[in-house]
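Notes to accompany the following structure.
Quick caveat, the model's predicted, so the values are computed rather than measured.
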Amino acid sequence: MGEQVRTAMGPREVFARMREQWLGDAVNPMDSLLADDAVIETPFAPPGRPRRFRGRDEFLAFAQAGRAALPVRFEECREIAVHDTADPEVIVVEYELAGTVTTTGRRAAAPFIGVLRVRDGQVAGWREYQDAVAIAHALGQLPALLASVSESQA
């Protein structure tokens with residue numbers, strides 16, 4: 001019998017792991033999946049929030065504080081579609097995160113689109129497009145979001 005060769009996870013397998021970790025209790029759910037030089041982008045982030053992180057440590061420092069302050073227990077990540085691209089390292093994913101706002105008990109969901117680049121089984125790039133209005137509405141923060149957009153336009 002020959003030795004079994006283990007290959008690194010591709011983007012579909014890494015996204016499946018990301019989904020599992022988002023639903024778990026980990027403080028830094030993507031910790032083990034990020035490459036040291038990963039670039040994380042959220043082009044539609046609300047005003048005042050970073051839109052680009054360079055490197056694993058920079059992103060995890062922000063994410064840890066953000067997750068601790070986020071009063072949401074994620075309970076489901078519905079995969080809508082996964083689109084392969086001409087680049088075997090890259091997929092485009094459409095998904096919806098659903099959960100319960102722990103301060104109110106309200107259940108809510110928001111749609112997302114992500115562009116995932118994986119190298120050697122780790123996230124090298126993640127660009128996530130979030131529905132900031134749906135998220136703010138679920139958290140009872142819609143007036144604050146609208147005010148911040150108005151201020152950033154002035």
Residues Leu145 and Ala136: closest non-hydrogen pair is CD2-CB, 3.7 Å
How far apart are the C-alpha atoms of Gln130 and Thr42, what are their side-chain angles, what is the distance that settles it, and do they pass the side-chain contact (heavy atoms from CB on, under 4.5 Å) test? CA-CA 7 Å; Gln130 308 169 344; Thr42 53; 4.0 Å; yes
Heavy atoms of Ile135 and Ala110 approach each other most closely as CG1-CB, 3.8 Å
(Q) Does any part of the side chain of Val93, heavy atoms only, come nearer than 4.5 Å to the side chain of Glu79, both counted from C-beta? (A) no
Check: So, do Leu33 and Met18 sit near enough that their side-chain heavy atoms are less than 4.5 Å apart?
Finding: yes
Gln64 side chain to Ala61 backbone, donor-acceptor under 3.5 Å | no
Residues 116-125 vs side-chain hydrogen bond (donor to acceptor under 3.5 Å, both in side chains), sequence neighbours excluded, gives Asp87-Arg117, Glu89-Arg117, Glu89-Arg119
- Quick one: are Leu139 and Leu70 in side-chain contact, heavy atoms under 4.5 Å? yes
What one should report as the nearest heavy-atom pair of Pro88 and Pro11 is O-CG, 3.5 Å
Salt bridge (charged side-chain N to carboxylate O under 4.0 Å, His left out) pairs touching residues 121-135, sequence neighbours excluded, are Glu41-Arg127
Closest non-hydrogen atoms of Cys77 and Arg19, given as atom of the first, atom of the second and distance, are O-NH2, 2.8 Å
| Does one side chain, of Thr100 or Glu75, offer a donor that lies under 3.5 Å from an acceptor on the other? | yes
Quiz item: Going only through I, L, V, M, F, W and Y residues with side-chain contacts under 4.5 Å, is there a path from Leu34 to Phe62?
Solution: yes
(request) State whether the number of non-hydrogen atoms from other residues, nucleotides or ligands found under 6.0 Å of Arg54 atom CZ is greater than 12. (result) no
Contacts of Phe112 meeting ring pair (Phe, Tyr, Trp, His ring centres under 6.0 Å) (sequence neighbours excluded), chain-then-number -> Tyr95
Shortest non-hydrogen pair, Arg78 vs Ala98, comes out as NH2-CB, 3.6 Å
By ring pair (Phe, Tyr, Trp, His ring centres under 6.0 Å), Phe59 pairs with (sequence neighbours left out) Phe53
Hits for ring pair (Phe, Tyr, Trp, His ring centres under 6.0 Å) against Phe74, two or more places apart or cross-chain, chain-then-number order -> none
Between Glu58 and Arg52, the two heavy atoms sitting closest are OE2-O, 3.8 Å
Q.
Just so I know, are the side chains of Arg12 and Asp84 near enough to count as touching, which here means a heavy-atom distance under 4.5 Å?
A. yes
Report whether Val82 and Val14 are members of the same hydrophobic cluster (ILVMFWY, side-chain heavy atoms less than 4.5 Å apart, transitive linking).
yes
Note: with side-chain heavy atoms under 4.5 Å as the link, the other cluster members for Tyr129 come out as Phe44, Val90, Val92, Ile113, Val115
Same cluster (ILVMFWY, side-chain, under 4.5 Å), Val123 and Trp22
yes
TODO: Keeping the roles fixed (side chain from Arg56, backbone from Ala35), state whether a donor-acceptor pair exists under 3.5 Å.
DONE: no
